[in-house]
Amino acid sequence: MNMNQVRVRFAPSPTGYLHVGGARTALFNYLYARHHQGVFVLRIEDTDLARSTDASTQAILEAMKYLGLDWDEGPEKGGGYGPYFQSERLDLYRRHADKLLDSGRAYYCFCTPEELDQIRQDAVSKGRDPKYDGRCRNLTEAQQQQFINQGRKPVVRFKADYHGSTLVDDLIRGKVTFDNNQLDDFVLVKSDGMPTYNFAVVVDDALMRITHVIRGEDHLSNTPKQIQLYEAFGFAVPRFAHIPMILGPDRARLSKRHGATSVGQFQEEGYLADAMVNYLALLGWSYDDSQTLFRKAELVEKFTLAKVSKNPAVFDLPKLQWMNGVYIRELSLEQFYQQALPFFQSWGFVPQEVSPELESKVKHVLRILQERIKVLSELKEASYYFFQDQLHYDEKAVQKVLDKEGAVEILHSLLPELLAAKDYTQEKLEPIFRKAQEQHQCKLATVIQPVRVAVTGTNVSPGIYDVLAVLGRAKTCQRIKDALELIKQRQGGSASVQG
RNA sequence: GCUCCCAUCGUCUAGGGGUCUAGGACACCGCCCUCUCACGGCGGAGACAGGGGUUCGAAUCCCCUUGGGAGUACCA
C-alpha cells in the first residue's frame, strides 16, 4: 500500500437528514480524495444511542448517492478498515480506553451529573472556568470499590496535560495555538459504555489511517483535545483542514428554521445533483475571478484546499435556483425527460407505463418549458393544463384579458379558423393569428392573450403556437368555447349586480 | 465569562504592497429582443467595518476597537 495515499473521511451522525452543511463537508472531502487519487471513507458516527436512527442513516446514504458522492469504503461497500459504523466498533474503543487506563493517561470517574453541575457552579462563582476539577484522578482502589458498591457507573476520563500549549497546524487557517490550561479531563467513555465523540473520532481516524481531517470549523476548538489523545496513544497526527460554517440569511448558523436545508428536500423540489454540487462547492471555495460554473469532473480537477476561504458563507437560495436553471437548460431533451418523468408521474399527469405517443407529448411540453423553469417542481403549475382537463382560471388574468372589450369577438372569429386549419402545427397556426390581427387592426398580443388565458387559465405560458400544438385542436377549441361561456356569465353577473 | 476563528458590493467571492478610479457571479434597476413569461444581449447602481501604526506607497502587513461565528456536555 502506498503510505502517502490520501485517505479522507466524512463522518456524519445519523440523527437527522443530511444537511447542506454536512453535504458541503462531504463534497470537499470527496473532491480532495478524487483530486489526489485518494480514498474517500464514509463512517457513521452512531454512538448517541438516544438520537441515532436507522432511517437517518438511510436518508444520509441516499442523499450522498443523489449528489453522486460515491465513497470507496463504508456502509454497503465495506473496506479494509471496518466496521464503518461506530456502534460496531465498541470493542475497539474499549481496548483503547484500557490502554490509556493502563498507561495512566485515563482514570475512572464516579461523579454524578449533579456533582459535576455543582463543580461547575462553584468554579464559576469563584471566577474560574467551568472545568472538571479532576477530583477522581487519584481515587484509591477502596474508594473506587465503595462507589461501585453504591451502584455508581463510572465514566472514563482522559488525564489531560495542562502544561504548555498545543499547536493545530491547519491547512486552511494556518497555525493556531491553544493553551493547555484551557483543557480539562474530558470524558472518553460514557457510563453506558459508549465512547464520546472526541475519543471515538481519534481512535477511528487513526485506525482507519485517515491522513487529512477535513471538517467544519465548529470542530477547531476540539482539535487540541484530539491531538493530546493522538499523542497519548502514540498515533500519527493527521493534517487538519477546518472549513468555514454555512450560515442562514440572518448570519446565524444554518438550521431548519431557515427553511429547506436537508439535501433530500432539495432533491424532492427538483434541484439537479450537478447544480447542487456546483453551488455547494462555491460555498467556501472559488477558483478564480470569473468562473462560477463547474462540472463535477472540473471540480475534481481544480479543487484545492488552498483556495478554500476562511469566512463563513451565507446560503443564498436565489443563486442556487439560478444555477439549477442553468443546468436544466443544459440538459438534452432525453436527459430532461428522464429527470422530469418521475415528477410527472408523482403528480398523476403521466401513468407508470408511458406510451410512445405520450412520451413525445411530454417531451414537447418539456422542450417549450425548459428555459422557463428553475426547479423541476415548477413543472407542475407550468404544465398541468396539458395533462388535466380542469382549468384553474387566474382571476387577475381573466380580468385583465377576457373581461376586456373585444376579447369575445376575437375568440369568436378565431374559432372557425382553428377548426378549419389543415394541420395543427406551429407553421399552420401562426398565419391564422396574423390574419386575425390584421382583421381586428390591433397588436398581435391583443389576439393572442385571450386565447392564452382561455387555453391555460393564465396570461403566462410558452409561445402560444407551441401551446396549441401540444394541446391539439379539440382541446383548444373546447377551451375557447368554455372561455366564451365564462365571459358571458361574468358579464351577465356584473350586469345584474349593476342592475 | 473564558478560549479560538473570521471581517471586500445585499449574497458568494477575485484580490496575497504599487497594474484597484477594487474584477466576476446571483439578486436588484433600466433598455433591447418579443404574443405573455422566460431565455439571451446591453447598460446601471452597489463594498475594502472603524482607528492607529509599518512603508515612498496599503483592500493587501502589524496592533487595538467593533461586529459576527464557534467551542467550553456522559451531543456529534
Side-chain angles (χ1 to χ4, degrees), chain A residues 11-15 45-48 50-52 86 109 111-113 116-117 120 124 127-132 153-157 168 170 172-173 176-179 181-184 186-198 200-201 216-225 242 244-245 247 249 251-253 279 282-293 307 309-323 325 329 368-374 382 397 401 430 433 437 443-449 451-453 456 458-465:
Chain A
S13 61
T15 54
E45 308 215 328
D46 55 351
T47 54
D48 185 339
R51 298 195 301 147
S52 297
Q86 289 190 327
C109 167
C111 295
T112 62
L116 294 174
D117 210 44
R120 273 189 283 270
V124 171
R128 288 200 300 263
D129 293 340
K131 301 192 300 185
Y132 180 62
K153 291 239 187 291
V155 300
V156 177
R157 280 185 189 273
V168 179
D170 194 273
I172 292 167
R173 270 143 232 287
V176 183
T177 57
F178 294 82
D179 271 343
N181 61 22
Q182 289 296 316
L183 264 33
D184 71 351
F186 54 95
V187 172
L188 262 23
V189 182
K190 305 181 227 176
S191 55
D192 65 1
M194 297 301 271
T196 59
Y197 166 73
N198 283 309
V201 80
E217 196 205 310
D218 47 338
H219 291 289
L220 184 56
S221 306
N222 287 323
T223 311
K225 293 180 187 176
H242 288 95
M245 300 276 86
L247 313 176
R251 304 217 124 252
R253 191 175 172 168
Y279 179 71
L282 257 25
L283 239 33
W285 176 84
S286 64
Y287 180 64
D288 61 16
D289 64 345
S290 60
Q291 190 176 359
T292 55
L293 263 14
K307 295 290 287 178
S309 102
K310 298 175 185 175
N311 0 359
V314 172
F315 188 84
D316 188 41
L317 188 60
K319 188 161 185 173
L320 204 211
Q321 288 172 331
W322 162 77
M323 194 170 278
R329 275 172 253 133
I368 63 180
L369 247 20
Q370 189 162 14
E371 64 188 23
R372 283 167 235 265
I373 61 160
K374 291 185 161 61
V401 179
E430 178 161 0
F433 283 80
Q437 177 198 359
K443 290 191 298 182
L444 227 207
T446 309
V447 1
I448 283 176
Q449 285 299 75
V451 176
R452 172 168 279 126
V453 176
T456 70
T458 79
N459 55 355
V460 174
S461 86
I464 195 66
Y465 312 126

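Only a predicted model underlies this, so the values are computations on that prediction, with no experimental measurement involved. A note on names: the letters A, B, ... follow the listed sequences, proteins ahead of strands, and every chain is numbered from 1.
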Participant: Mind checking if R329(A) touches a base, just sugar-phosphate, or nothing, with heavy atoms under 4.0 Å?
Facilitator: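 Result for R329(A) = sugar-phosphate.
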Participant: What distance, rounded to whole Å, do you find between the two C1' atoms, one in C28(B) and one in G10(B)?
Facilitator: 9 Å
Participant: Could you check whether R251(A) gets within reach of a base, just the sugar-phosphate, or nothing at all, counting any heavy atom under 4.0 Å?
Facilitator: sugar-phosphate
Participant: Check every strand shown and say whether G325(A) touches a base, only sugar-phosphate, or nothing at a heavy-atom separation below 4.0 Å.
Facilitator: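 The answer is nothing, as G325(A) stays clear of every strand by at least 4.0 Å.
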Participant: Give one of base, sugar-phosphate or nothing for T458(A), where a contact means two heavy atoms less than 4.0 Å apart.
Facilitator: nothing
Participant: Counting only side-chain heavy atoms from C-beta out, which of G23(B), C2(B), C12(B) sits nearest to D289(A)?
Facilitator: G23(B)
Participant: What contact category does T47(A) fall into here, base, sugar-phosphate, or nothing, at under 4.0 angstrom with non-hydrogen atoms?
Facilitator: sugar-phosphate
Participant: Which nucleotide, if any, forms a Watson-Crick or G-U wobble pair with C42(B), using both distances under 3.5 Å?
Facilitator: G30(B)
Participant: Among U36(B), C4(B), A14(B), find the nucleotide with the atom closest to the side chain of R372(A).
Facilitator: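 Taking heavy atoms from C-beta onward, the closest nucleotide is U36(B).
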Participant: Measure from the side chain of P318(A), starting at C-beta and using heavy atoms only, and say which of A27(B), C74(B), C5(B) lies closest.
Facilitator: A27(B)
Participant: Students often get this wrong, so: under 4.0 angstrom with heavy atoms, is S461(A) touching a base, only sugar-phosphate, or nothing?
Facilitator: base
Participant: Given U3(B), A76(B), C5(B), which nucleotide is nearest the side-chain atoms of F178(A)?
Facilitator: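 Nucleotide nearest to F178(A)'s side chain: U3(B).
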Participant: Between the side chain of Y279(A) and the main-chain N/O of D316(A), is any donor-acceptor distance below 3.5 Å?
Facilitator: yes
Participant: With nearest nucleotide decided by heavy atoms, which residue, I373(A) or W285(A), maps closer to the 5′ end of RNA chain B?
Facilitator: W285(A)
Participant: Taking only the P atom of each, what is the distance from A7(B) to U19(B) in whole angstrom?
Facilitator: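 Each nucleotide's P atom is 22 Å from the other's.
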Participant: Over all strands shown, is P244(A) touching base, sugar-phosphate only, or nothing at heavy-atom distances under 4.0 angstrom?
Facilitator: nothing
Participant: Nearest of A76(B), A14(B), U36(B) to any side-chain atom of T196(A)?
Facilitator: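 The listed nucleotide nearest to T196(A)'s side chain is A76(B).
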Participant: Go through G71(B), C75(B), C5(B) for me and flag the one nearest to the R51(A) side chain.
Facilitator: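 Closest nucleotide among those given: C75(B).
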Participant: Determine the contact category for P462(A): base if any of its heavy atoms lies under 4.0 Å from a base atom, sugar-phosphate if only primed atoms, P, OP1 or OP2 are that close, otherwise nothing.
Facilitator: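 Base contact - P462(A) has a heavy atom under 4.0 Å of at least one base atom.
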Participant: Using purine N1 to pyrimidine N3 plus N6-O4 or O6-N4 for Watson-Crick, or N1-O2 and O6-N3 for G-U wobble, both under 3.5 Å, which nucleotide pairs with A7(B)?
Facilitator: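 Paired with U66(B).
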Participant: If you take atom types as modelled and just measure distance, does the side chain of S221(A) reach the base of C4(B) with a donor-acceptor pair under 3.5 Å?
Facilitator: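 Checked by distance alone, the answer is no.
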Participant: With a 4.5 Å heavy-atom cut-off, do V155(A) and F186(A) have their side chains touching?
Facilitator: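 V155(A) vs F186(A): side chains apart.
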Participant: Check every atom of C74(B), C12(B), A27(B) against the side chain of R120(A) and return the nucleotide holding the closest atom.
Facilitator: C74(B)
Participant: Between D179(A) and C109(A), who's closer to the 5' end of RNA chain B by nearest nucleotide?
Facilitator: D179(A)
Participant: For G57(B) versus C20(B), give the span between their C1' atoms, rounded off to a whole number of Å.
Facilitator: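 It comes out at 13 Å once rounded to the nearest Å.
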Participant: From the list G1(B), C35(B), U3(B), which nucleotide is the closest neighbour of the side chain of P130(A)?
Facilitator: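 Closest nucleotide to the P130(A) side chain: G1(B).
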Participant: Return the pairing partner of U72(B) with a 3.5 Å limit on both distances, Watson-Crick or G-U wobble; otherwise return none.
Facilitator: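 Result: G1(B).
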Participant: For a quick check of understanding: with a heavy-atom distance under 4.0 Å over all strands, which category does T446(A) fall into, base, sugar-phosphate or nothing?
Facilitator: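 No contact at all - T446(A) keeps every heavy atom at 4.0 Å or more from the nucleic acid.
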Participant: So S191(A), base contact, sugar-phosphate only, or nothing? Heavy-atom distance under 4.0 Å.
Facilitator: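 Touches a base.
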Participant: Give the ring-plane orientation class for H219(A) versus Y197(A), where under 30° counts as parallel, over 60° as perpendicular and anything between as tilted.
Facilitator: tilted
Participant: So does K225(A) get a side-chain nitrogen or oxygen closer than 4.0 Å to the phosphate oxygens (OP1/OP2) of U72(B)?
Facilitator: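 No, K225(A) has no side-chain N/O under 4.0 Å of OP1/OP2 on U72(B).
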Participant: Using a heavy-atom cut-off of 4.0 Å across all strands, would you classify V187(A) as base, sugar-phosphate, or nothing?
Facilitator: sugar-phosphate
Participant: Where the side chain of A313(A) is defined as all heavy atoms beyond and including C-beta, which of A76(B), C39(B), C12(B) is the nearest nucleotide?
Facilitator: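 Between A76(B), C39(B), C12(B), the one nearest the side chain of A313(A) would be C12(B).
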Participant: Base of A25(B), side chain of K319(A) - is there a donor-acceptor contact under 3.5 Å?
Facilitator: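 In this structure, the two groups form a donor-acceptor pair.
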Participant: Say you pick atom C1' in C48(B) and the same atom in G43(B); how far apart are they, in whole Å?
Facilitator: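 The answer is 25 Å between these two C1' atoms.
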Participant: Base, sugar-phosphate, or nothing for I464(A), non-hydrogen atoms under 4.0 angstrom?
Facilitator: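 Base contact.
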Participant: Does U21(B) have a Watson-Crick or wobble mate here (both distances under 3.5 Å), and if so which one?
Facilitator: none
Participant: With respect to the phosphate group of C75(B), does any side-chain polar atom (N or O) of K190(A) fall under 4.0 Å of OP1 or OP2?
Facilitator: yes
Participant: For M323(A) and G24(B), what is the distance between atoms CE and C1' respectively, to the nearest whole Å?
Facilitator: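 Checked: the CE to C1' distance equals 12 Å.
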Participant: Please pick, from C4(B), C74(B), G69(B), the nucleotide with the shortest atom-to-atom distance to any side-chain atom of L247(A).
Facilitator: G69(B)
Participant: Students often get this wrong, so: under 4.0 angstrom with heavy atoms, is D218(A) touching a base, only sugar-phosphate, or nothing?
Facilitator: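 The answer is sugar-phosphate, as D218(A) gets under 4.0 Å only of primed atoms, P, OP1 or OP2.
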Participant: Using the P atom as the reference point in each nucleotide, state the distance between C39(B) and C26(B) in Å, no decimals.
Facilitator: 10 Å
Participant: Quote, to the nearest angstrom, the P distance that separates U65(B) from U3(B).
Facilitator: 12 Å
Participant: Taking C-beta and beyond as the side chain, do L320(A) and F315(A) meet within less than 4.5 Å on heavy atoms?
Facilitator: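 With C-beta onward as the side chain, the pair touches.
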Participant: For L317(A) and G10(B), give me the distance from atom CG to atom P, rounded to whole Å.
Facilitator: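 Checked: the CG to P distance equals 20 Å.
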Participant: For A14(B) versus A25(B), give the span between their P atoms, rounded off to a whole number of Å.
Facilitator: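 Between the two P atoms, the distance is 15 Å.
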Participant: Tell me the partner of A59(B), counting only Watson-Crick (N1-N3 plus N6-O4 or O6-N4) or G-U wobble (N1-O2 and O6-N3) with both under 3.5 Å; none if nothing fits.
Facilitator: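 Partner of A59(B): none.
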Participant: Tell whether R452(A) reaches the base of C35(B) with its side chain through a donor-acceptor pair below 3.5 angstrom.
Facilitator: yes
Participant: Could you state the atom-to-atom distance from CG of N459(A) to C1' of C37(B) in whole Å?
Facilitator: 9 Å
Participant: With respect to the phosphate group of G15(B), does any side-chain polar atom (N or O) of K307(A) fall under 4.0 Å of OP1 or OP2?
Facilitator: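 For K307(A), the contact criterion (side-chain N or O under 4.0 Å from OP1 or OP2 of G15(B)) is met.
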Participant: Please work out if N222(A) contacts a base, only the sugar-phosphate, or nothing of the nucleic acid, heavy-atom cut-off 4.0 Å.
Facilitator: base
Participant: Rounded to whole angstrom, note down the C1' distance from G16(B) over to U60(B).
Facilitator: 6 Å
